[in-house]
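Below is one structure, written out as structure tokens, with a few remarks after it.
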Amino acid sequence: MNHKNSYYEDVYDLVREVPYGKVTTYGIVADALALGSARMVGWALKQCFGAEPPVPAHRVVNRKGELSGRIHFSTPTIMQELLESEGLKVVDHKILNFEAALWRPE
DNA sequence: GTGATGACGCAGT
DNA sequence: GACTGCGCCATCA
């Protein structure tokens, strides 16, 4: 699963472009990469924890701004803590003022 | 090979 | 606004 030039690398590269304090969604990433399915983004991020350089997977949420992937981190709370450390507000596993924090690739 | 699953998203009800 | 069903497609049993 660690082959170069796989769509995993494309996902990682795009997610690494998300600025500090901003977030993006699975759908936006899938659309930008023409994957055809937002599920593929989740599958890629599920195994991104050994990637180099590291992937800020905590900046990727679902279309409602919910931290649907938090359960896949080392602890269920680390994703929220990372986002809050970047100045975002998270309540009930959702990002407040989500649209203002949303980042889209050019 | 076949069917089920999933860090999702959208249309229909 | 919520709930449901379906499409999506790589991966696993």
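Protein chains get the first letters and strands the later ones, always in sequence-line order, with residue 1 at the start of each. In what follows, every heavy atom counts, from backbone to side chain, and hydrogens, waters and symmetry copies are set aside. No experiment lies behind these values; they were computed from the predicted model shown.
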Gap between atoms NZ and P, on Lys64(A) and dC10(B) respectively (whole Å): 11 Å
Separation of dC9(C) C1' from Leu35(A) CG (nearest whole Å): 10 Å
Closest listed nucleotide, where the reference is the side chain of Met40(A) and the choices are dA7(B), dC10(B), dC9(C): dC9(C)
Whole-Å gap separating P (dA10(C)) and CG (Asp10(A)): 14 Å
Nearest-angstrom distance from the residue atom OH of Tyr26(A) to P of dC9(C): 19 Å
Protein-nucleotide distance (Glu66(A), atom CD; dA7(B), atom P), rounded to Å: 14 Å
Interatomic distance, Tyr7(A) OH vs dA7(B) P [rounded to whole Å]: 13 Å
Criterion side chain to side chain contact (heavy atoms under 4.5 Å, CB included) on Leu102(A) and Ile28(A), from CA distance to verdict: CA-CA 10 Å; Leu102(A) 187 59; Ile28(A) 290 171; 3.8 Å; yes
Candidate pair Leu14(A) and Asp10(A), rule side chain to side chain contact (heavy atoms under 4.5 Å, CB included), full reasoning: CA-CA 6 Å; Leu14(A) 187 63; Asp10(A) 292 333; over 6 Å; no
Joint hydrophobic cluster, Val15(A) plus Val23(A), side-chain heavy atoms closer than 4.5 Å: no
Non-neighbouring partners of Phe98(A) that pass ring-ring contact (aromatic ring centres under 6.0 Å, His included), sequence neighbours left out: none
Side chain to side chain, Arg16(A) and Val55(A), heavy atoms closer than 4.5 Å: yes
What does the list of N/O pairs under 3.5 Å between the protein and nucleotides 4-7 of chain C look like, with a distance for each?
unit_1: dG7(C); atom_1: O6; unit_2: Arg39(A); atom_2: NH2; d: 2.8

Interface with DNA chain B, restricted to residues 68-79 of chain A and to heavy atoms under 4.0 Å: Ser68(A), Gly69(A), His72(A), Phe73(A)
Working for side chain to side chain contact (heavy atoms under 4.5 Å, CB included), residues Leu67(A) and Gln80(A): CA-CA 8 Å; Leu67(A) 281 56; Gln80(A) 176 171 342; 4.0 Å; yes
Protein-nucleotide distance (Tyr8(A), atom OH; dT11(C), atom C1'), rounded to Å: 7 Å
Nucleotide dT11(C), atom C1' - distance to NZ of Lys46(A) in whole Å: 7 Å
Summary of salt bridge (Lys or Arg N to Asp or Glu O under 4.0 Å) pairs that have at least one residue in residues 56-85 of chain A, sequence neighbours excluded: Arg59(A)-Glu86(A), Lys64(A)-Glu66(A)
Any Met79(A) side-chain heavy atom under 4.5 Å of Val61(A) side chain: yes
Residue Arg63(A), side-chain atoms from C-beta onward, closest of dA10(C), dA7(B), dC10(B): dC10(B)
Non-neighbouring partners of Asp31(A) that pass side chain to side chain donor-acceptor pair (under 3.5 Å), sequence neighbours left out: none
Neighbours of DNA chain B within residues 95-104 of chain A, by heavy-atom distance under 4.0 Å: none
Distance, C1' atom - from dA7(B) to dA2(C), rounded to whole angstrom: 22 Å
